There are 2 protein chains.
Amino acid sequence: MFSIGELSRRTKVKVPTIRYYETVGLLTAPERTEGNQRRYDRAGLQRLSFIRHARDLGFSIEAISSLIELQDHPDRSCQAATDIAAAQLSDVRAKIRRLRALEKELLRITKGCDGEGVSEDCYVLTSLADHELCEREH
Amino acid sequence: MFSIGELSRRTKVKVPTIRYYETVGLLTAPERTEGNQRRYDRAGLQRLSFIRHARDLGFSIEAISSLIELQDHPDRSCQAATDIAAAQLSDVRAKIRRLRALEKELLRITKGCDGEGVSEDCYVLTSLADHELCEREH
DNA sequence: CATAGTATCTATAGCGACTAGAGGTTCAAG
DNA sequence: CTTGAACCTCTAGTCGCTATAGATACTATG
């Protein structure tokens, strides 16, 4: 049996976050000691590790809730779980596309200031002020 | 002179967002009509366009505040502005790196479920449950 | 000029996923 | 048995909005 601090150390999830997960229903309320302190077992540790891992991969709390529910109903869970993961993947890819566009634009803006010429007007500032100067939509 | 709705239409920034920008100090409080409604001039429009553009590029409210302040003090503002933009760029790049790692991992996880073999255990779920299965840190 | 319908006003609360703090209780070591 | 770390609950704050409620103002038509 682990205390909440011990669980925190093992999963690298902060103590208040563990309690937060309990309030939102991601973790089921564990046993308590006489003195009202939480005591977790191995199953609790595994569940929190699962959550931690999924959060690291950017899954929302809601998506993780769904995944956990699927774990408890193993019949035809695989397709549903794969769907959730695939949605997450396409979400990640959309974010990458967007960030790459931003990267390009920011590179252009910051490069404009370099080196030669009198910089009466700061290129960064004028670029931001005038959308017409952009090479692409964003 | 534009009403807040007119300004919203021209900048594509929603009306409550414009008011929000005013409360946090990004926009200076504009003139008011007799009946207490906001009326913006061309300068207000330009400032909001600047903000919109910077937000689109992912600059935080705080960073935009700094940039606006720099606009008002043109002496040696360029270096400072470029620094802010460069910080933003490296932030964007860090996010891209991280998302690419996630993409790879998610791809691996979702692919594992495909096709052949009896799927007694869902690969998505077991992958998330066991960090050891990951190919890289994330 | 009256009225209808839209736009605007303020103030407050909610979103997601935590994080920080106050003020109090319990546990484990010496 | 005492100390001090860890724990408890509760509330509020973070960021950048977004939504709602209830009241007031503007504008177009009859």
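Basis for what follows: all heavy atoms, side chains included, without hydrogens, waters or symmetry-related copies. Quick caveat, the model's predicted, so the values are computed rather than measured. Residue numbering restarts at 1 for every chain, and letters A, B, ... go by the order of the sequence lines.
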Checklist line | DNA chain D contacts made by residues 19-30 of chain B, counting heavy atoms under 4.0 Å | finding: B:Tyr20, B:Tyr21

Note to self: Quick check for you: among C:dA17, D:dG16, D:dC17, whose closest atom lies nearest to any side-chain atom of A:Ser60?
What the structure shows: C:dA17

Notebook entry, point to check: Are A:Glu22 and A:Pro30 side-chain neighbours, meaning at least one heavy-atom pair lies under 4.5 Å?
Noted result: yes

Note to self: Using the rule side-chain contact (heavy atoms from CB on, under 4.5 Å), only one of B:Arg47, B:Arg52, B:Arg55 pairs with B:Tyr21; which is it?
What the structure shows: B:Arg55

Check: Hey, is CZ on B:Arg42 packed in by over 12 heavy atoms from elsewhere, all under 6.0 Å?
Finding: no

Check: Given the rule that I, L, V, M, F, W and Y join up when any side-chain heavy atoms are under 4.5 Å apart, are A:Ile68 and A:Val24 in one cluster?
Finding: yes

Check: Would you say the side-chain atoms of A:Ser49 pair up with the backbone N or O of A:Leu45, donor to acceptor, closer than 3.5 Å?
Finding: yes

Checklist line | Nucleotide D:dT18, atom P - distance to CD1 of B:Ile61 in whole Å | finding: 11 Å

Next item on the list: Using a strict 4.0 Å threshold on nitrogen-to-oxygen distance, state whether B:Glu105 and B:Arg108 make a salt bridge.
Entry: yes

Item checked: Validation row: B:Ile84, A:Val124 side chains within 4.5 angstrom (heavy atoms) -> no

Check: Would you find a donor on one side and an acceptor on the other, under 3.5 Å apart, between the side chain of A:Thr82 and the backbone of A:Cys78?
Finding: yes

Checklist line | Residue pair B:Leu99 / B:Ile96, side-chain heavy-atom distance below 4.5 Å | finding: no

Notebook entry, point to check: Does a side-chain heavy-atom distance below 4.5 Å link B:Glu6 with B:Arg9?
Noted result: yes

Under 3.5 Å, which protein N or O atoms sit close to an N or O of nucleotides 21-27 of chain D? Give each pair with its distance.
residue : atom : partner : partner atom : Å
D:dC26  : OP1  : B:Thr33 : OG1          : 3.0
D:dC26  : OP1  : B:Gly35 : N            : 3.1

Note to self: Taking 4.0 Å as the cut-off, does a side-chain nitrogen or oxygen of B:Arg55 come that near to OP1 or OP2 on D:dC17?
What the structure shows: yes

Item checked: Interface with DNA chain D, restricted to residues 1-15 of chain A and to heavy atoms under 4.0 Å -> A:Ser3, A:Ile4, A:Gly5

Item checked: Distance in angstrom units between B:Ile64 CD1 and D:dG16 P, rounded -> 8 Å

Item checked: Short side-chain N/O contact to D:dT18 OP1/OP2 from B:Thr17, under 4.0 Å -> yes

Next item on the list: Please answer whether the main-chain N or O of B:Leu106 pairs with a side-chain N or O of A:Gln88 as donor and acceptor at a distance below 3.5 Å.
Entry: no

Notebook entry, point to check: Under 4.0 Å: is that the gap between some side-chain N or O of A:Arg32 and OP1 or OP2 of D:dT9?
Noted result: yes

